[in-house]
Amino acid sequence: MGVTVGRTGDDAPAGGRLGRGEGGVAGWPLMTPSPEQIEPPRDPAGGVVVREAALEDVPTIVAMLVDDPLGQSREDPADLAPYDAAFVRIAGDPGEVLVVAELDGQVVGTLQLSVLPSLSRRGALRGQLEGVRVAADMRGAGVGEQLVRWALERARAEGCELVQLTSDSSRTGAHRFYERLGFTVSHVGMKLVLG
């Protein structure tokens with residue numbers, strides 16, 4: 001399954017608007033890919049289109065967030081107002097891009113890529129992956145892999161030195177998935193709920 005980068009409008013850059021690098025800790029552990037283990041995205045022949053998310057995608061994205069044991073306890077699809085407000089904040093931040101994967105016109109996956117400036121690593125940029133989700137009926141079909149590979153290439157194009165993510169300690173299948181893509185367990189993530 002391949003990936004095509006789509007556009008949300010005539011003025012939208014392909015795959016988002018981070019644009020700096022022209023050519024809550026969600027859980028544990030923090031993982032970063034080894035550069036030699038990152039493979040380039042496959043040929044875009046499989047029909048999956050990665051595009052910047054639009055406000056009308058929010059209900060589908062929230063449905064994917066709810067569709068797992070952890071999401072069921074922390075998400076509320078009955079009240080979309082906080083999700084819509086968060087979408088507006090994300091869309092207005094040039095260091096953030098929220099994308100969806102579409103197949104045959106249906107949203108089947110999503111992720112958020114944040115480009116984080118830092119003084120560490122000699123002022124390096126790093127990419128942070130959040131909210132990687134795939135529709136239940138599409139899991140195992142390569143959509144998640146294509147989304148993550150898209151994000152790795154996008155982060156590389158933005159000038160990021162590394163990409164990191166956190167994954168709840170209970171998501172052992174997800175850990176195997178990320179390790180297969182070249183991520184290594186390198187840190188322990190911690191969180192403190194403030195509200």
Side-chain angles (χ1 to χ4, degrees), residues 3-22 24-27 30-32 48-68 70-102 106-118 124-135 143-144 146-168 171 174 178 189 191-195:
V3 173
T4 302
V5 177
R7 296 168 73 93
T8 59
D10 291 336
D11 299 331
R17 70 204 135 31
L18 291 172
R20 278 198 284 268
E22 263 324 288
V25 177
L30 182 65
M31 305 171 108
T32 56
V48 173
V49 176
V50 176
R51 65 166 172 82
E52 188 170 349
L55 186 60
E56 50 271 10
D57 296 318
V58 169
T60 304
I61 293 170
V62 172
M64 286 186 281
L65 293 173
V66 171
D67 189 24
D68 72 57
L70 296 174
Q72 290 172 4
S73 66
R74 62 184 179 208
E75 307 298 345
D76 181 6
D79 179 12
L80 293 176
Y83 300 99
D84 289 345
F87 175 87
V88 170
R89 287 183 69 184
I90 292 165
D93 187 328
E96 301 286 336
V97 64
L98 179 66
V99 297
V100 293
E102 263 188 3
Q106 299 295 313
V107 172
V108 295
T110 187
L111 68 70
Q112 181 176 342
L113 172 64
S114 305
V115 173
L116 308 173
S118 175
L125 293 174
R126 65 183 67 211
Q128 173 82 24
L129 298 184
E130 293 287 341
V132 180
R133 296 292 190 281
V134 173
V143 174
Q146 294 302 321
L147 275 167
V148 171
R149 289 191 188 286
W150 176 90
L152 294 174
E153 288 304 310
R154 181 58 183 242
R156 183 179 284 118
E158 293 294 328
C160 293
E161 182 177 308
L162 61 86
V163 174
Q164 61 191 24
L165 60 89
T166 59
S167 181
D168 191 274
R171 297 184 191 270
Y178 291 119
K191 66 181 173 182
L192 175 64
V193 178
L194 299 178

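The structure presented is a predicted model; accordingly, all values stated were derived computationally and were not measured. Positions are given from 1 along the sequence.
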**OP:** Measure from the side-chain N and O atoms of Thr110 to the backbone N and O of Val99, and report whether any donor-acceptor pair falls under 3.5 Å.
**Re:** yes
**OP:** Kindly say whether Ile90 contributes a backbone atom to a donor-acceptor pair with the side chain of Asp93 at under 3.5 angstrom?
**Re:** no
Original post:
Of all heavy-atom pairs between Pro117 and Leu125, which one has the smallest distance, and what is that distance?
Top reply: CA-CD2, 3.7 Å
Subject >> Side-chain heavy atoms of Lys191 within contact of Thr166, under 4.5 Å >> reply: no
Original post:
Please walk me through it: do Val100 and Thr60 pass side-chain contact (heavy atoms from CB on, under 4.5 Å)?
Top reply: CA-CA 10 Å; Val100 293; Thr60 304; over 6 Å; no
**OP:** State the CG-CD distance between Leu165 and Gln128, to the nearest 0.5 angstrom.
**Re:** 7.0 Å
**OP:** To the nearest 0.5 Å, tell me how far Glu153 CD sits from Glu158 CD.
**Re:** 12.0 Å
Original post:
Below 4.5 Å, heavy atoms only, C-beta onward: do Val50 and Arg154 meet side chain to side chain?
Top reply: no
Subject >> Steps toward side-chain contact (heavy atoms from CB on, under 4.5 Å) verdict (Met64, Val134) >> reply: CA-CA 7 Å; Met64 286 186 281; Val134 173; 5.7 Å; no
Original post:
If you measure from CG on Leu116 to SG on Cys160, what distance do you get to the nearest 0.5 Å?
Top reply: 8.0 Å
**OP:** Give the minimum heavy-atom separation between Leu111 and Val132, together with the two atoms involved.
**Re:** CB-CG2, 3.9 Å
Original post:
When rounded to the nearest 0.5 angstrom, what distance separates CD in Glu96 from CZ in Phe87?
Top reply: 12.0 Å
Subject >> Considering all heavy atoms, the nearest Val163-Ala155 contact >> reply: CG2-CB, 3.5 Å
Original post:
Side chains of Ile61 and Arg133: closer than 4.5 Å at any heavy-atom pair?
Top reply: no
Original post:
Can any side-chain N or O of Tyr83 pair as donor or acceptor with the backbone N or O of Asp76 at less than 3.5 Å?
Top reply: yes
Original post:
Nearest heavy-atom pair of Ala101 and Val143: which atoms, and what distance?
Top reply: CB-CG1, 3.9 Å
**OP:** Determine whether Asp57 and Leu98 make a side-chain contact, defined as any pair of heavy atoms from C-beta on separated by less than 4.5 Å.
**Re:** no
**OP:** State, to 0.1 Å, how close Leu80 and Pro59 come at their nearest heavy-atom pair, and which atoms those are.
**Re:** CD1-CG, 3.7 Å
**OP:** Starting from the C-alpha separation in whole Å, work towards a yes-or-no answer on side-chain contact (heavy atoms from CB on, under 4.5 Å) for Val107 and Arg51.
**Re:** CA-CA 10 Å; Val107 172; Arg51 65 166 172 82; 3.8 Å; yes
Original post:
Once you round to the nearest 0.5 Å, how far does CG of Leu65 lie from CD of Glu75?
Top reply: 5.0 Å
Subject >> Smallest separation among heavy atoms of Leu113 and Gly127, with atom names >> reply: CD1-CA, 4.1 Å
